[in-house]
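Working notes for the structure below.
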Amino acid sequence: MKVRDDLGVPEKALEADRKLIKAGAVAIIGHATSAQTLAGLKVTNPAKVVIIGATVSTPELSDLDDYFFRVNSSFKVSAQALAQYIHLNCAINRLAIIYDSDNAAYTKTYSTIFTDKFQSLGGEIAGEASFSSKAQPDFSPLLLKLLADKAEGLLIIATDNDTALIAQITRLMGWQTPLFSSAWAATETLINKDGQAVEGIKIEQGYDQNSKSPAFMDFQTRYQTRFGHASSFGTSSAYDATMLLAAALNKTEGKADGLKQALLEIQNFPGLIKPSHSIDSVTLNGPFI
Amino acid sequence: MASREDFPSLRQVFLRLVLFRLFLPLLVLGLTAIVGVGYLEEHNLEIQQYQIAHSMAQIVDHHLDQGGRILDAVARVAETSGTENLSLYMNSTWEAYGYFETLYYLNEDNKVNMLVPSDPRYLGLDMSNLPDFQLIGSKKSLIISRPFISLRTGEPTVYLVKPLERGGCVAGELNLGLFQAEIMNITGTSGMDFIFIMDQTGMLLAHPSSDLVKQQTNLGNLEIFQRGLAGKANAVYMSNGTRVLGSAALVDRTGWVVVDQVPWSIFWGSYVRILGLILLLALSIWLILVWNLRKQLQRYVSTPLEQLSRETNALTVGDFSQVNSLSSIPTPSTEFSKLVDDFRFMSNSLQERETALRTIAEELSEADHRKNEFLGVLSHELRNPLASIQSSLALLDRSPPGGEQARKAMNIIKRQISQLSSMVDDLLDITRITQNKIKLQKRTVELNKLVRRTVEDYDLLFAQKKVCLEAEYAPSEIMINADETRLTQIVGNLLHNAVKFTNCGGTTRVCIESDNLHKQALIRIIDNGTGIEPEMLARIFQPFMQADMGLDRGHGGLGLGLALVKGLVEMHGGNVNVFSAGLGKGSEFCIQIPSDDAIIEKPQVTVYQEISKCSHSVLIIDDNADIAEILGELLKSIGYTVEVAYNGSEGIVKAREFKPEILLCDIGLPGMNGYDVAKAFRSDQGLKDIFLIALTGYALPEDIQKAFDAGFDRHLAKPVQLETLEQTLAQAPVKTLAG
């Protein structure tokens with residue numbers, strides 16, 4: 001097992017992948033974001049090194065005959081499901097969207113898919129705002145503008161920290177609009193930092209935190225014991241990715257040759273929550289809201 | 001028996017000794033010491049590691065304590081002052097302390113009421129969902145939160161939260177970079193330590209790689225963390241593919257775990273280097289030692305032993321010429337020096353012994369040669385008288401009895417018999433002397449008188465050969481303690497020798513002197529006869545030695561006279577010397593006899609009762625019929641009644657019938673010997689008083705003693721003169737005759 005730190009940015013992800021390939025890695029598990037994965041594939045595909053994403057959900061990586069696999073679904077489905085849920089279940093027609101442009105591969109695409117679906121259902125995007133998380137922006141002016149657009153709800157596509165801050169600020173502004181979030185922010189940190197603003201926020205995720213699957217419950221228990229806090233979408237997905245790779249390597253006796261084919265041949269792999277499908281870039285977990 | 005090939009060479013023995021008795025024990029000892037040193041080194045390293053971790057834990061605790069005190073002060077201000085004063089105080093505190101990323105003042109709903117540095121974006125934020133803030137209501141003391149990423153700065157921090165009495169709290173974001181800096185200080189100093197801090201769950205609080213902290217990496221799976229939670233701990237474990245030695249210390253205030261780890265290779269590498277160096281050094285020393293000892297062994301042990309072996313082989317074949325080369329053998333030790341000395345001594349002894357044996361062999365060869373010559377001489381000397389006796393007996397047969405021719409023949413026979421008897425006596429005497437069996441009958445003798453009598457006895461002989469015999473006696477008496485008979489024999493032999501080797505017209509002079517200084521008497525017999533060759537002087541006293549040993553022997557004799565003189569003189573405690581200037585220049589014999597220890601003894605006087613020669617009966621027992629018959633006839637001719645028997649049994653029977661007064665008995669009889677006969681007579685009531693005389697050729701002192709022990713009254717040696725026999729017969733006790 002070789003570990004390299006991609007530091008959460010695409011450039012470093014590319015460098016980390018290059019180092020792992022040079023070190024003889026037969027497969028790579030990572031990265032956390034779609035943007036990093038898109039960068040890394042520039043070296044892993046030519047090297048024919050399998051890379052399995054645990055949390056990557058961009059549809060840009062779907063339907064490609066390459067060496068990328070993932071254990072969660074493309075957010076295309078979940079974004080559409082969320083749009084449908086907001087429009088039909090919450091009876092919201094005007095929605096504002098704010099997203100983190102630092103991970104545009106995810107956020108911007110997610111926003112577009114969501115918008116398309118939402119509009120196709122008859123909804124209207126009252127306003128859209130973006131920010132760079134790295135710049136530690138003041139969200140108040142952005143939110144005031146969206147508030148001025150008279151949106152009936154706000155969809156936040158950002159990290160847990162930023163989502164928590166945006167949610168709190170909306171409440172501080174007295175804007176009591178319903179809040180929605182993509183799966184990206186579905187962590188314990190969001191709950192901790194969001195204060196009372198977290199009440200009522202609706203999060204889409206291909207992950208059932210309340211699953212009663214024996215495998216998931218056992219995993220949760222062991223994770224809590226090991227790390228002192230509850231597991232998250234990212235951790236359980238990383239576990240599934242690791243087990244999937246191990247199963248494929250068993251078939252190839254640990255060798256890189258034939259690993260892609262071995263992964264393609266695996267059907268109904270028993271994930272923690274429900275069977276995962278690794279047919280190219282399509283894996284169906286969820287969505288849950 | 002094992003062959004030589006079964007034994008190892010000295011070199012192999014030495015190598016085995018050095019290898020198994022020196023090197024391997026040293027190696028084991030060295031390895032044991034290395035293991036021991038390694039254990040102590042590792043133990044010291046563990047202690048040092050723990051001390052570093054413990055120091056770091058104390059530093060962390062110190063910072064937390066300091067932060068807590070500062071928050072206490074801020075809380076007191078918040079409790080007692082207005083908002084404006086609190087703002088001022090929080091600003092000054094934030095600036096002065098520097099380690100708080102942000103200072104918060106939260107209202108009763110745990111919403112941000114005030115923060116330093118000021119940032120309106122965060123005013124009013126609800127922090128009530130943070131797990132550690134939820135303890136505010138139940139806990140009044142300082143709360144230290146789990147690490148998290150600051151909402152405001154995005155840096156890893158922990159909250160120090162001080163609840164207020166009236167609700168709400170003051171909180172400080174303690175930048176974990178503080179601990180990061182402390183870690184870098186320590187690791188920068190030691191150069192090999194790798195320190196990191198984890199909270200109770202294993203989440204990193206500080207680490208040389210700050211990114212891992214930002215990513216909230218959890219290292220709870222490390223063995224050292226699990227053991228560290230229980231207190232002081234050390235462990236060797238794998239970290240990022242590297243084996244490391246870690247020590248953990250607990251921060252008492254929070255239960256955080258501080259770990260100091262070093263790559264095991266640092267310890268092990270240095271240990272292996274030391275081990276290698278020691279082994280290399282040990283091997284080098286051993287090789288040098290072996291080489292040096294082998295060289296020394298070769299020089300001081302193997303080579304000398306091989307040389308000694310060669311010398312031994314040389315000695316085995318009798319080659320003593322190489323013994324001198326022993327001095328070239330190096331003798332590095334006392335033991336080896338002694339061995340070489342002993343070997344040299346043994347070699348010299350062997351050489352001397354062989355030389356002596358060679359000399360003895362030569363002497364024996366010469367003695368054997370002389371013995372053969374002597375036998376020739378003896379045969380010659382015996383045949384001459386026997387021839388004279390035979391001729392005289394023939395003349396007696398043809399001559400009328402009582403005539404002049406018969407008388408001459410009888411004289412010749414007597415003279416030749418006397419000469420034969422003298423030769424036999426000499427032979428017996430020389431045998432007795434060499435066997436030390438002559439017992440001297442010493443008494444006080446006046447030397448002048450004794451020599452005078454002897455000279456008178458030889459006057460006629462000297463006169464017959466027309467050699468002048470002169471005597472010069474000492475002016476006063478010289479008393480010596482001597483056997484008169486033997487001393488007479490000594491002087492007589494020398495006079496006989498002088499007359500034999502002095503030609504007609506020559507002179508022989510006898511001188512008696514007293515050497516008072518040395519308390520000895522001197523007898524010199526000087527002649528101007530044929531003299532003695534210088535080379536003969538040293539051997540002249542040896543038995544069977546005569547200067548003239550050729551076939552044309554002009555002087556006769558067995559060559560025993562001078563040997564008897566030497567033997568008898570030495571038995572008297574004296575010595576005899578001979579001087580001669582060479583052939584034709586005469587000779588001088590000088591006898592020295594001690595005179596100081598003369599013991600005055602009364603001459604033993606044997607009183608015999610004179611008896612009449614008439615009416616005596618004698619029984620003769622002898623297995624030699626001729627001797628028995630002639631002796632019987634002879635005794636009859638002088639008036640004895642005689643019976644003859646030829647063995648012991650017959651003799652006893654005849655004695656009982658004949659009742660003799662005297663028994664003449666031979667010793668060497670067939671069946672019952674003479675001793676048994678005597679015992680039988682003494683044990684027989686009818687025979688026990690008969691006067692028993694042994695007449696035998698067994699004449700050695702022990703033979704005589706045995707005869708007396710068996711019961712004989714007298715002992716006579718064959719041949720016996722008639723006069724001697726008559727005197728002995730006359731000594732028979734009177735009472736016997738009276739019967």
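Chain A is the first sequence line, chain B the second, and so forth, proteins listed ahead of strands; every chain is numbered from 1.
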- prompt: Would you say the side chain of B:N218 lies within less than 4.5 Å of the side chain of A:F227, judging by non-hydrogen atoms?
  reply: yes
- prompt: Relative to chain B, which segment of A:P141 carries a heavy atom at a distance below 4.5 Å: side chain, backbone, both, or neither?
  reply: neither
- request: Measure the spacing between CD1 of A:I191 and CG of B:L130 and express it to the nearest 0.5 Å.
  value: 12.0 Å
Heavy-atom neighbours of A:E253 CD exceed 12 at 6.0 Å: no
- prompt: Would you say the side-chain atoms of B:N129 pair up with the backbone N or O of A:K193, donor to acceptor, closer than 3.5 Å?
  reply: no
field: Donor-acceptor pair, side chain of B:R121 and main chain of A:P137, under 3.5 angstrom
entry: yes
field: When A:N161, A:V3, A:L165 are compared by non-hydrogen pairs under 4.5 Å with chain B, the top option
entry: A:L165
- request: Calculate, to the nearest 0.5 Å, the distance between atoms CD1 and CG belonging to A:I169 and B:L125 respectively.
  value: 6.0 Å
query: Any donor and acceptor pair, going by atom type alone, linking the side chain of B:D126 with main-chain N or O of A:G195 inside 3.5 Å?
result: no
Toward chain B, the part of A:D5 with a non-hydrogen atom under 4.5 Å: side chain
Please tabulate, one pair per line, all N/O donor-acceptor pairs under 3.5 Å involving side-chain atoms of residues 18-27 of chain A, not counting sequence neighbours.
from: A:K19; atom 1: NZ; to: A:E15; atom 2: OE2; distance (Å): 3.4

- line: Most contact-rich option vs chain B, by heavy-atom pairs under 4.5 angstrom, among A:M1, A:R171, A:Q196, is A:Q196
side-chain hydrogen bond (donor to acceptor under 3.5 Å, both in side chains) partners for A:Q168, two or more places apart: none
